[in-house]
Amino acid sequence: ITDLTIKDGDLIVATQGRSFWVIDDLSLLYQWKPEVVASPVHLFQSRPAYRIGGGSGAPTATAGANLKTELAVNYWLKEALPAGTVATLTFTDPFGKVVKHFSTAPEKEQVKFEPKPGLNQAAWDLSYQGAETFDGLVLWAGGTGGPRAAPGKYKVDLKVGNEVKQSEIELKRDPRHNTTDEDLVAQFQFLTKVRDKLTEVHKAVKRIREVRAQLESFKTNFGKEEAHKPLVEMADSMLSEMTAVEEALYQTKNRSSQDPLNYPIKLNNRLASLAGTAGHGDNRPTDQVEAVYQEVVVLVDVELKKLAPIFETKIGEFNKKFHELAVPYLHLAK
């Protein structure tokens, strides 16, 4: 070792060879005290993280790894969790939204984690929840991933039993770019509204398919009876209207990732592709992507509006007539 220096909280070690070594993040050593080891639970203050791109993996054991793009927290547990004790760790963004929730007894979208006695670490990769999807979804030049976190101060809450520890982590923009924090917040907000609209579209497609399956089942079981003809006609009418909307929202001919080469993309894919364009790089959304978003949303809303009478009125009318005919619920094929 020919030289040592500390840069941004990292230890840099120069050697006689053709490389140098970096020991990342000395902040834990700065905070390490006897009272930490003696305490049942301790949440360390994390140093600021950076919102950067690129990978962080090291191809070999001797190659350096790039800085990870994540919010990582370190915490200490003196002993193993007693039986029945629940521990949670949550990240809350500057807008007050919980964006990552770890739990030893996870529910719904929570992520399971297993704190061990001693030093532990948990991290959030800065990715927000993506858009709704459905079986068989094929997109071209776009995806359903959520936006990346914008710069700001993020709150961390660690709860072990009745004991609660809190801290903050600051997420900073890439210092190599000229983009401002406000630009990245604007990008985040734009991508969030595109994601939400895409979710609305995909939920509509899923609902169409759910209703279609039930109507097709009705036709299979009861369609041959003359007394049921008015209901079959209602079913066919609803199916025709829903299919037209579905085909405007999504390219239903897609079966593989290459099919969009033959069949034009529809409104959901325009939204997904727009998000991919606006989310590329660290830039404020341009006037052009805002204009395209407004154009597509108008077209989407026209189609979604056509579904309202079906879901809010016609299904109710269908059910009423179904009950008036006293159609048997269970049916055995002859």
Side-chain angles (χ1 to χ4, degrees), residues 25 27-28 31 36 39-52 56 67-134 143-173 184-185 187-200 202-203 206 275 279:
D25 193 3
S27 63
L28 280 177
Q31 300 174 62
V36 170
S39 62
V41 182
H42 183 80
L43 179 61
F44 293 93
Q45 177 60 51
S46 299
R47 69 175 181 174
Y50 287 90
R51 186 184 187 274
I52 57 177
S56 61
L67 187 67
K68 290 184 178 180
T69 302
E70 62 182 13
L71 293 185
V73 296
N74 298 291
Y75 59 97
W76 164 269
L77 290 183
K78 184 177 181 181
E79 299 176 349
L81 293 178
T85 299
V86 176
T88 61
L89 179 68
T90 59
F91 292 84
T92 304
D93 70 10
F95 312 103
K97 177 180 175 58
V98 173
V99 292
K100 196 71 173 183
H101 192 148
F102 296 91
S103 176
T104 53
E107 300 177 359
K108 295 182 179 180
E109 297 176 356
Q110 298 176 355
V111 178
K112 185 174 180 60
F113 79 143
E114 299 178 351
K116 305 294 184 183
L119 189 62
N120 296 265
Q121 185 179 87
W124 171 49
D125 66 0
L126 308 187
S127 297
Y128 278 69
Q129 182 178 355
E132 185 94 5
T133 63
F134 54 81
T144 58
R148 295 179 72 213
K153 292 184 178 180
Y154 290 74
K155 182 181 175 183
V156 180
D157 290 271
L158 173 65
K159 183 176 181 182
V160 180
N162 295 322
E163 189 156 4
V164 179
K165 302 292 184 180
Q166 295 181 324
S167 69
E168 278 189 342
I169 306 179
E170 183 178 7
L171 178 62
K172 295 184 176 184
R173 68 181 183 277
L184 294 177
V185 169
Q187 182 191 56
F188 169 80
Q189 292 173 336
F190 178 80
L191 295 176
T192 297
K193 70 180 181 181
V194 175
R195 177 205 63 188
D196 292 346
K197 200 64 184 180
L198 185 57
T199 287
E200 189 178 353
H202 287 173
K203 282 184 175 180
K206 292 172 72 172

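- Checking side-chain atoms of N162 against main-chain N and O of V160 turns up no donor-acceptor pair under 3.5 Å.
- You'll find the side chain of T69 stays beyond 4.5 Å of the side chain of D125, heavy atoms only.
- At distances below 3.5 Å, at least one donor-acceptor pair connects side-chain atoms of Q31 with backbone N or O atoms of Q45.
- Side-chain atoms of V41 and L77, non-hydrogen and from C-beta on, do get closer than 4.5 Å to each other.
- Applying the salt bridge (charged side-chain N to carboxylate O under 4.0 Å, His left out) test to every pair with at least one member in residues 106-116, sequence neighbours left out, gives these pairs: E114-K116.
- If you take NZ on K172 and CG on L184, they are separated by 14.5 Å, rounding to the nearest 0.5 Å.
- Counting only heavy atoms from C-beta outward, the side chains of P115 and T104 approach each other to under 4.5 Å.
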In a table with atom names and distances, give each donor-acceptor pair under 3.5 Å that connects a side chain of residues 80-96 to protein atoms at least two apart or in another chain.
unit_1	atom_1	unit_2	atom_2	d
T85	OG1	P82	O	3.3
D93	OD1	F95	N	2.9
D93	OD1	G96	N	3.0
D93	OD1	K97	N	2.8
D93	OD2	Y128	OH	2.7

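- Put simply, the side chain of R51 gets close to the backbone of A149: a donor and an acceptor are under 3.5 Å apart.
- The neighbour count for K203 NZ, taken as heavy atoms of other residues, nucleotides or ligands under 6.0 Å away, does not exceed 12.
- Sorted pairs that involve residues 70-86 and meet salt bridge (charged side-chain N to carboxylate O under 4.0 Å, His left out), not counting sequence neighbours, are lacking altogether.
- Qualifying ring pair (Phe, Tyr, Trp, His ring centres under 6.0 Å) partners for F134, counting only residues two or more places apart in sequence or in other chains: H202, Y250.
- With sequence neighbours left out, the side-chain hydrogen bond (donor to acceptor under 3.5 Å, both in side chains) criterion links R148 to no other residue.
- Taken from OG1 in T192 to CD in Q187, the straight-line distance is 10.0 Å, to the nearest 0.5 Å.
- Here the closest heavy-atom approach between residue A131 and residue L198 is recorded as CB-CD2, 3.8 Å.
- Looking at residues two or more places apart in sequence or on another chain, you find a ring pair (Phe, Tyr, Trp, His ring centres under 6.0 Å) between H42 and F44.
- A donor-acceptor distance shorter than 3.5 angstrom exists from the side chain of T199 to the backbone of E132, with no hydrogens or angles considered.
- Between L158 and V73 the shortest side-chain heavy-atom distance does not fall below 4.5 Å.
- Contact between N74 and L43 at its shortest, heavy atoms only, is O-CD1, 3.7 Å.
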